[in-house]
2 protein chains.
Amino acid sequence: MRLTRAGEYAIRCVLYLAMHHDRELIGRKEIAAAMDMPAQFLGKVAQQLAKAGIISIRQGSQGGYELAKRPQDIALLAVIEAIDGEIFLNDCIHRPHSCDRQTICSVHQIWDKARRQLRNTLGGVTLAELAAREKRACAGRSREQPHALQG
Amino acid sequence: MRLTRAGEYAIRCVLYLAMHHDRELIGRKEIAAAMDMPAQFLGKVAQQLAKAGIISIRQGSQGGYELAKRPQDIALLAVIEAIDGEIFLNDCIHRPHSCDRQTICSVHQIWDKARRQLRNTLGGVTLAELAAREKRACAGRSREQPHALQG
DNA sequence: TCTAATAGGATCATTTCAGTCCGATTAATC
DNA sequence: GATTAATCGGACTGAAATGATCCTATTAGA
């Protein structure tokens, strides 16, 4: 009942991209170093984000990642579900055939409600909002620019 | 991001107990057969439910399980968290030390909100309500009593 | 005492998770 | 065209969680 590491990394990645939306393309290593995750693993995650149309990737020398849409058009939910699949809180909703016993399906109405609420909350927040809030928080915290990284 | 099997079984178990609240003590095998789960596994689950004070167990011949409180005093959330632990949707809330980078903590406010909503929804439903809804649904579905099981 | 039940520790198979390795591919630059 | 710097993507691996099952111990009614 929790976000996977891959999902967490995906969020960090797109958040970083959103916070540096002015720049063209950002290298995988830079993102990984700045957001503290394994660069190789980020590669896997990024491929899924690209398939989902959230980021676009350029290969080859000087390659890297960038958001495929505007930050205000990307919901947190989309990022998470691109990696971990659509959010289901219990199996029965996901696999109705595993629930042919109707006996407990009153419970599932509750689960379905909970699920809708959750997806609604996560779907209602965009990267633009998150990035803006991050920047405000960052500015209040330290005096040097948060742009610097690894030399 | 989903309920474990053990959690699912726990719910089935207490729901069955709630639906037969008039009876004294119900044997593990009966519950397992009626609610379609492995009896041994139910044993494990039941121990946790007992530790959490949700059911009480009588050992020995003619032993079995019963609810430790009235069905209207047991929330669905309590049952789930007795088995799977307190619900956390992401690690960072659970282990704040794993999140010393404040960079992404704007996201965590969202997660925290989502988590509160989820716990609220699951905490607002009692076994009494679920059992009543089940019985209504059952009555409308079949004509024989749903009490019968394995001879 | 016998028997029917649960308790609970040990064990096990499977799946998921998290991550790494490495050759293939792509594209900019020399 | 060769070199180089990047990502792609499949294979692999170790660790942990999950979903059980087995077996002995214990409990308590008959």
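Residue numbering restarts at 1 for every chain, and letters A, B, ... go by the order of the sequence lines.
If you run side-chain contact (heavy atoms from CB on, under 4.5 Å) between A/Val14 and each of A/Ile74, A/Leu76, A/Leu49, A/Ile31, only A/Leu49 comes through.
Looking at B/Arg115, its side chain does come within 3.5 Å of a backbone N or O of B/Ile87 through a donor-acceptor pair. Without hydrogens or angle criteria, B/Arg12 side chain to B/Met35 main chain gives a donor-acceptor distance under 3.5 Å. Judged by distance alone, with hydrogens and angles left aside, the side-chain atoms of A/Arg58 form no donor-acceptor pair with the main-chain N or O of A/Gly64 at under 3.5 Å.
Taken to the nearest 0.5 Å, the SG atom of A/Cys13 stands 5.0 Å off from the CD1 atom of A/Ile55. Distance CD/B/Gln40 to NZ/B/Lys44: 7.5 Å, rounded to 0.5 Å. A distance of 9.5 Å separates CD1 of A/Ile57 from NZ of A/Lys51, quoted to the nearest 0.5 Å.
Side-chain contact of B/Ser106 with A/Glu134: a donor-acceptor pair under 3.5 Å is present, judged by distance alone.
Between the P atom of D/dT18 and the CG atom of B/Asp84 lies a distance of 7 Å, rounded to the nearest Å. Atoms CG (A/Leu49) and P (D/dT7) sit 14 Å apart, rounded to a whole Å.
Close to D/dT7, at under 4.0 Å from its OP1 or OP2, lies a side-chain N or O of A/Arg28. Using a 4.0 Å cut-off, no side-chain N or O of A/Tyr65 falls inside it from OP1 or OP2 of D/dA6.
Nucleotides of DNA chain C with any atom under 4.0 Å from a heavy atom of chain B span, from 5' to 3', C/dA4 to C/dA10.
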Polar pairs (N or O, both sides) under 3.5 Å between protein and nucleotides 12-16 of chain D?
none

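Note on A/Glu8 versus A/Arg2: no salt bridge recorded, every NZ/NE/NH1/NH2 to OD/OE distance being 4.0 Å or above. A salt bridge does not link B/Glu66 to B/Arg23: none of the charged nitrogens lies less than 4.0 Å from a carboxylate oxygen.
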Its contact letters, B for base, S for sugar-phosphate only and - for none at protein heavy atoms under 4.0 Å, make nucleotides 21-30 of chain D read BBB--BBBS-
